[in-house]
Each structure stands twice: as C-alpha cells, then as structure tokens.
**Student:** 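Okay, handing you the structure first.
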Amino acid sequence: MSFASLGLKEPILRGVRAAGYETPTEIQSNAIPKILGGAELIGLGQTGSGKTAAFGLPMLNKLCGGPPGLRGVIIVPTRELCVQVAENLRVYAQFAGLHVCTAFGGVDMSIQESAFKRGLDIVVACPGRLIDHLERRNISFEHVQMVVLDEAARMLVMGFMPQIRRVFLRLPQERQNLLFSATMPKEVEGLVNDFLPNAERVQIGSRSQSASTIAHRFVAVNAHDKQEALERLLQRESGRVLVFVNKKIGCEKLGNALKRAGLPADSIHGDKSAEARYACLQAFSRGKTRFLIATAVAARGIDVDDIELVVNFDFPLALEDYIHRSGRTGRAGKSGRALSLVAPMEKRLFAVVQGHLQGREVASVPSAGRGYGMPKRREGGGGGGRGKRRDGRSRGRTASAH
Ligand code: AMP
C-alpha cells in the first residue's frame, strides 16, 4: 500500500516524502482512510507505531485549502511530546501552507501568543496552558473542526482529566474527535462515553507485534548493587541507551553518578526547566549524550528511533508501564533490547511481566531463580573507564537475591 492510495492530497503527499516515509505503517493504513472519511477513532496502544502521522496527515488533509485560523487542536501530556508532535507535523505540513504552533507551560505566554498571531491553523498543546490561552482570548475554539487527545491514560495519571473535560466542553459541537491511549482505565472510558460515544476502536501497534522486535532480559541484582551493575553494563554499550527510574530525585542522582564515572550520561525529569529538558533531548537525539536517565513521564517525548537498549533501573510499577517503556526501543520495525535490573522486592511485578512475555513467545526470558547474575565485567576493560570508579566493592560477583 502507498500513501497516495490512502486518499491524501498532493501537498500532504509531498510532506510525507519530505519526511522520508515510503510506505504507511499498519496504524497509518488502517486509520487514515477512516479519519478522512469523517470517523471518530480511539487508537489503543503504545507509541512508536507511527501514530503522529496517523492522526496528523488526515488532519492536515482536512484543513489544507480551507480558510486560515485555528481549526485543529492536539492535546498532549508533556512539553517534550508537544515539541516532537509539532516538529513532525511541520515537516508534513510544509507544502500545505498550514501553521502549526505549540502551547506548553514553563515558557513566556507572550512568545506563544506572538507565534499565534503570525499564523495558527493547528495548536499542539498541554492542557493547562491551552486553557490559559483560551481564557486570555489568545485563541478561539470557534472554528475548530478536529481534536486529538493523545496519551489519554497518561493525562489521567498526571491529573489532567478535569482540564481535558473543560477543554472539551468549550469546543464546538460539530467536530471530529480522535483519542489515543495505551490503556483504557475507567476514567478514560467515562470521557469516551461523554465525548466520543460512537467512536470506532483500533488497536495500534499491538503488543505482540511490538514485543516481537524486542529481546527482553532480566538480571537479578540487589538494590544496593544496581548502580554498579548499570555502570558496568553501560561501559559495554556503544549505542543509545534509555534508562528508566521511578522517581525524579533518583533520576538526577543517578545521572550525576554516571557522569562522575566518566560516562556520556544525562538525566531528564519533571523538575528540570523546559529549557533544560529541551537541551537534554537535543543532546540525546544528536548523540552527544548516549545514556539518558529518565522518569517515565519525561521520557514520553523522546522521539529517537535508534535507541538500542532500554534499561529498567527501577522495575516499573505496572505491566502497561513495562510495555510502554520497552516500546521505546525496537521502534518502526527495528529490533531492540530491553534489560531490567530486578531487586528482590521487585520480584512480584517481574513475575507478572514474565508471564505476559512468555505468553507471547519472546526470546531470551530466563526463568526466575535460574541463570541470573550481575552483568559480567568486560574482559580486561572493567576498570578502564575514563572517570573515577567507586572503590571498596567486589566486581563481577553474582547477586544472590533470588
Ligand atoms: P510515532 O509513533 O508517531 O512516534 O512514530 C515513531 C517513529 O516512526 C517516528 O520517528 C516517525 O518519524 C517514524 N515513522 C512514522 N511513520 C513512518 C513511516 N510510514 N515510515 C517510516 N517511518 C515512520
């Protein structure tokens, strides 16, 4: 199947070519004709499937050639995702004469307001800042034709549901709604019932497909040995690695410790300023920092295709989070690796994840209690890193946690 056969207009097809896409991904070939036909859609699944173009291209197609003014609204949970989605859309929109603006907190409102004045057809926004602009009458929803709610379950976790409802209540009745979510907790179902009752549901990048391109490994290690295990592991890696932690405070500390150990690492989390987070993402996507320590929320906006390895330094707190995190590698059909450091107190969730993966025939999942150990030290290279090493602990010993 080709993009041309999906029914997109020529200026949009030129944008697709400029993005370097040759054939549509599964979600794109599935969703684009439906959205072009006017259907409301609920896309269930994680990112990495080409979701942005799946909703972005039909939105641009619908607005292309129409009168200028705000007609498309895309609501996302984080500033990083805001920037990434807008960047992608601008590439697709460059021959369609459509203006894509962003609205997120942490930067001066007047900067965004001036951008709106230069031209605004689509706004990609975080909920709080969108409402601020609306209340100051910097934008008007009067002519909005299409709304996308991206990462709805994340929005719920981040406490944005009341703002989302406020936005929806202020939108014109006549509009097309699209909603994407990794999971459908009951609050999201409630939102769907209230605002998209007749929407069609499509599974995007189903779990089994996504998992089949990723090799999953688990290493049993005592909690206090994790940092050392990670350092050793990263010293053997030559590509980009995304390391997940569960808390902001641990994130910063771990990033600093790795930097002190001479590794090209940095950390990204919600307590950093918008500018610092942006700089951090840029450095990671350009390969200046290869190891990025992130909280799950901050990692949402990282749009880098060639992440070779995802490490769960802290084991995620739910199966869906495991799937979401590991989905950051093996994107767009490439193969990837996920490695989790499992402390004794994380065994319960590990068993849940293991059950899920074994059911889906994913390679190299060791069974609990067997074949486990700290990652082995690289032959002759363990102490050869540039930075200082922590002393006083034996290296290469097998963790006896389980
Ligand atoms: P997304 O799920 O929208 O975050 O997309 C994941 C990655 O796949 C992004 O880097 C996109 O630029 C890329 N991508 C999306 N659609 C295609 C396509 N049809 N062909 C090749 N790459 C794509």
Side-chain angles (χ1 to χ4, degrees), residues 1-8 12-33 35-36 41-61 72 74-94 100 102 122 124 148-154 178-182 202-207 209-211 213-214 239-240 242 281-282 284-287 294 296-308 310 323-336:
M1 187 175 283
S2 67
F3 278 101
S5 68
L6 298 178
L8 296 165
I12 312 297
L13 290 172
R14 283 182 70 195
V16 170
R17 285 196 288 274
Y21 304 167
E22 284 166 15
T23 48
T25 64
E26 193 180 346
I27 172 71
Q28 289 161 4
S29 51
N30 217 325
I32 292 173
I35 305 172
L36 288 176
L41 208 84
I42 296 169
L44 280 167
Q46 64 268 46
T47 54
S49 51
K51 183 173 59 151
T52 315
F55 64 71
L57 297 176
M59 176 183 272
L60 294 166
N61 200 81
I74 299 167
I75 310 171
V76 296
T78 65
R79 308 164 214 194
E80 287 78 20
L81 200 53
C82 207
V83 171
Q84 297 296 345
V85 168
E87 273 178 3
N88 285 354
L89 252 63
R90 285 182 187 128
V91 174
Y92 313 146
Q94 61 186 298
V100 181
T102 52
I122 294 172
V124 187
V148 180
L149 186 59
D150 200 8
E151 300 285 347
R154 267 310 131 179
L178 309 175
L179 180 143
F180 294 87
S181 196
V202 290
Q203 183 72 40
I204 64 170
S206 76
R207 283 179 195 173
Q209 277 168 358
S210 148
T213 62
I214 302 168
R240 275 199 195 86
L242 183 58
L281 287 176
Q282 290 291 95
F284 188 56
S285 68
R286 292 188 181 139
V297 168
R300 296 298 319 130
I302 300 171
D303 182 30
V304 176
D305 275 346
D306 51 351
I307 291 174
E308 288 191 11
V310 164
I323 294 164
H324 227 116
R325 289 182 184 186
S326 50
R328 306 317 306 266
T329 182
R331 296 181 92 186
K334 290 179 192 159
S335 64

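In listed order, ligands and their atoms are each counted from 1.
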**Student:** Please determine whether the number of non-hydrogen atoms from other residues, nucleotides or ligands lying under 6.0 Å from atom CZ of Arg90 exceeds 12.
**Tutor:**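 Yes, because the 6.0 Å sphere around CZ of Arg90 holds more than 12 heavy atoms from other groups.
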**Student:** Asn61: which residues meet the side chain to side chain donor-acceptor pair (under 3.5 Å) condition with it, sequence neighbours left out?
**Tutor:**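 Applying side chain to side chain donor-acceptor pair (under 3.5 Å) to Asn61 gives none.
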**Student:** Let me confirm one number: the CG-CD1 distance from Leu6 to Ile12, rounded to the nearest 0.5 Å.
**Tutor:**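 Separation between the atoms: 12.5 Å.
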**Student:** Within ligand 1, which atoms have a heavy atom of Thr23 less than 4.0 Å away?
**Tutor:**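 Atoms satisfying the 4.0 Å criterion: 18 (C), 19 (N), 20 (N).
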**Student:** Under 4.0 Å from any heavy atom of Phe3, which atoms of ligand 1 are there?
**Tutor:**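 Near Phe3, meaning under 4.0 Å from one of its heavy atoms, ligand 1 has 19 (N).
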**Student:** Heavy-atom pairs closer than 4.0 Å: do any link ligand 1 to the side chain of Gln84, the backbone, both, or neither?
**Tutor:**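 Under 4.0 Å from ligand 1, Gln84 contributes no heavy atoms.
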**Student:** Is any N or O atom of Tyr92, backbone or side chain, closer than 3.5 Å to an N or O atom of ligand 1?
**Tutor:**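 No; the residue has no nitrogen or oxygen that sits under 3.5 Å from a nitrogen or oxygen of the ligand.
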**Student:** Heavy-atom distances under 4.0 Å are what count here, so tell me which part of Asn88 touches ligand 1: side chain, backbone, both or neither.
**Tutor:**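 No part of Asn88 comes within reach of ligand 1.
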**Student:** What's the shortest heavy-atom distance between Leu242 and Ala294, and which atoms?
**Tutor:**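 Of all heavy-atom pairs spanning Leu242 and Ala294, the closest is CD1-CB, 4.1 Å.
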**Student:** Output the list of atoms in ligand 1 that are nearer than 4.0 Å to some heavy atom of Thr52, sorted by atom number.
**Tutor:**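 Selected atoms, number and element: 1 (P), 3 (O), 4 (O).
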**Student:** Heavy-atom distances under 4.0 Å are what count here, so tell me which part of Phe55 touches ligand 1: side chain, backbone, both or neither.
**Tutor:**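 Neither; no heavy atom under 4.0 Å.
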**Student:** So, using side chain to side chain contact (heavy atoms under 4.5 Å, CB included) as the criterion, who are the partners of Val16 when residues are at least two apart?
**Tutor:**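 Here the qualifying residues are Phe3, Tyr21, Leu57.
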**Student:** Do any N or O atoms from the side chain of Gln28 and from the backbone of Gly50 form a donor-acceptor pair under 3.5 angstrom?
**Tutor:**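 Such a contact is found between Gln28 side chain and Gly50 backbone.
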